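What you see is a predicted model, and the numbers here were worked out from it, not measured in a lab.
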Amino acid sequence: MEYWLRHLHPAWKGLIVFAAFCLVAWLLPIRQAGPDVSNVLGATAIFYSILIGFYISSAMSNLSRLKTLVATETGALIAIYHIVKLSIPAKLDETRERIDKYIIKRFDYEVKDYPEPTTKEFFEIFDVLKGAKGKSDGESAAINYIAEAMYYIAQARRETTIVGASIVNHISSALLYTLSTIIVASLFVLRGPGLESSLVAVLLSSAAVLSLLILHDVDGNRFGEEHFAIDTYQDVLNAIGKEPYYSQHYLKGFRYKPKEKTYRTNKAI
């Protein structure tokens, strides 16, 4: 259940939060609020907006960098394959299988966690070319490019573990949850007897909670993950002539629905 909620589409999260607050507004009786509640709401809202804005900005910066690193890695793998195809065709089949093995192993982990467990499979790609000597200037240049690519991809993989790490710790989460709870409680206490007042309270409360959910999605590298964490690697498999592969790690709980009708997968986990 926790896995399903964590990876639920943001639109569904918003609908669930809105429906929950509508139910609260209907069940919770309207009370006369004291004059201090407005002051508490104003101060809390300012503090909350500053914190949530700071964390979302920092998390988005890390996520943007993570996307760049993934693009660097996958683009280099495609380039390496085509260079081998053009310059060292005798090594092509083995290179294809090693890249395929690497991508399959990568899907056993989240995008921020895969570099360390896949180190062996990563370097096996380049072991194929160990001892290869260019028979011409073009082949020698191709081998040098591949060696250079290995350096940059390894660097990108290492940086992925850093920028992919969460920046919101338990203390920060507790503080943000406390502030959002105060905001929601104050909004419902301050609402008047009219329908419009309850609707405003529901909408503002939903916005406060959704901001927190968006932060956790961005910080957990789940914001748009279908593009940079899944589809991008399928482009590599397509480029090397392999059938798409989707791990049950990403398919379970309706987290991701493959576009292809036929694809490879592992056993259910």
Side-chain angles (χ1 to χ4, degrees), residues 3-12 63-86 88-89 91-129 146 149-150 152-154 156-157 159-161 163-164 217-218 220-269:
Y3 182 93
W4 180 80
L5 289 173
R6 186 189 305 123
H7 297 287
L8 190 64
H9 193 278
W12 284 107
L63 182 61
S64 177
R65 179 57 182 167
L66 181 63
K67 291 179 178 180
T68 300
L69 295 172
V70 169
T72 298
E73 178 190 23
T74 53
L77 289 174
I78 293 173
I80 288 171
Y81 175 77
H82 284 290
I83 289 174
V84 172
K85 182 178 181 180
L86 293 173
I88 322 172
K91 299 286 186 177
L92 184 61
D93 289 340
E94 197 172 355
T95 301
R96 179 191 293 113
E97 295 305 319
R98 296 293 177 88
I99 293 176
D100 184 56
K101 180 181 177 182
Y102 171 66
I103 298 296
I104 289 175
K105 183 69 176 292
R106 172 263 171 274
F107 275 116
D108 287 339
Y109 307 91
E110 296 292 343
V111 70
K112 68 180 179 65
D113 298 322
Y114 80 89
E116 291 297 332
T118 59
T119 299
K120 177 176 176 290
E121 288 75 13
F122 169 71
F123 284 109
E124 282 181 351
I125 297 172
F126 301 94
D127 287 343
V128 174
L129 305 175
I146 293 172
M150 179 179 70
Y152 286 111
I153 299 176
R157 279 165 46 85
E159 190 177 348
T160 295
T161 63
V163 299
D217 279 350
V218 174
N221 307 311
R222 295 184 295 272
F223 197 77
E225 70 169 358
E226 62 274 11
H227 300 298
F228 75 91
I230 303 176
D231 291 344
T232 301
Y233 290 93
Q234 303 306 321
D235 292 339
V236 178
L237 295 177
N238 181 62
I240 66 176
K242 284 289 187 176
E243 193 176 19
Y245 175 87
Y246 300 97
S247 171
Q248 291 296 325
H249 180 71
Y250 284 89
L251 296 181
K252 69 177 183 178
F254 302 101
R255 179 178 178 180
Y256 180 84
K257 183 178 180 181
K259 301 177 180 64
E260 301 86 0
K261 293 183 179 180
T262 59
Y263 53 85
R264 295 175 294 165
T265 187
N266 57 343
K267 294 180 180 180
I269 54 176

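For residues 228-242, every residue pair satisfying the salt bridge (Lys or Arg N to Asp or Glu O under 4.0 Å) rule, not counting sequence neighbours, is listed here: E97-K242, D231-K259.
Taken from CD1 in I99 to OG1 in T74, the straight-line distance is 11.5 Å, to the nearest 0.5 Å. A distance of 10.5 Å separates OG in S64 from CZ in F228, rounded to the nearest 0.5 Å. From I103, atom CD1 reaches atom CZ of R98 across 14.5 Å, with rounding to the nearest 0.5 Å. The CZ atom of R264 sits 4.0 Å away from atom CG of D100, with the distance rounded to the nearest 0.5 Å. Atom OG1 in T160 sits 11.0 Å away from atom CD1 in I153 (nearest 0.5 Å). The distance from the NZ atom of K257 to the CD1 atom of I230 is 14.5 Å, given to the nearest 0.5 Å.
Residues Y245 and L237 approach most closely at N-CD1, 3.6 Å, considering heavy atoms.
Salt bridge absent: R157 and E121 never bring a charged side-chain N and a carboxylate O closer than 4.0 Å. We find that D93 and R96 are joined by a salt bridge, their nearest charged nitrogen and carboxylate oxygen being less than 4.0 Å apart.
Judged by distance alone, the side chain of D108 and the main-chain N or O of S247 form no donor-acceptor pair under 3.5 Å. In terms of modelled atom types and a separation under 3.5 Å, the side chain of T95 and the main chain of I125 share no donor-acceptor contact. A distance-only check finds a donor-acceptor pair linking the side chain of K105 to the backbone of P117 [under 3.5 Å].
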Residues Y246, E260; criterion side-chain hydrogen bond (donor to acceptor under 3.5 Å, both in side chains); working and verdict: CA-CA 10 Å; Y246 300 97; E260 301 86 0; 2.6 Å; yes
Evaluation steps, side-chain contact (heavy atoms from CB on, under 4.5 Å), between V111 and R106: CA-CA 8 Å; V111 70; R106 172 263 171 274; 3.5 Å; yes
Derivation of the side-chain contact (heavy atoms from CB on, under 4.5 Å) call for L251 and Y263: CA-CA 12 Å; L251 296 181; Y263 53 85; 3.9 Å; yes
CA sep, side-chain torsions, deciding dist, call: R65, E159, side-chain contact (heavy atoms from CB on, under 4.5 Å): CA-CA 9 Å; R65 179 57 182 167; E159 190 177 348; 2.8 Å; yes
Salt bridge (charged side-chain N to carboxylate O under 4.0 Å, His left out) assessment of E225 paired with K112: CA-CA 11 Å; E225 70 169 358; K112 68 180 179 65; over 6 Å; no
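Contacts of F107 classified as ring-ring contact (aromatic ring centres under 6.0 Å, His included), with partners at least two apart in sequence or in another chain: Y233, Y250.
Other residues, nucleotides and ligands place no more than 12 heavy atoms under 6.0 Å from the CZ atom of F223.
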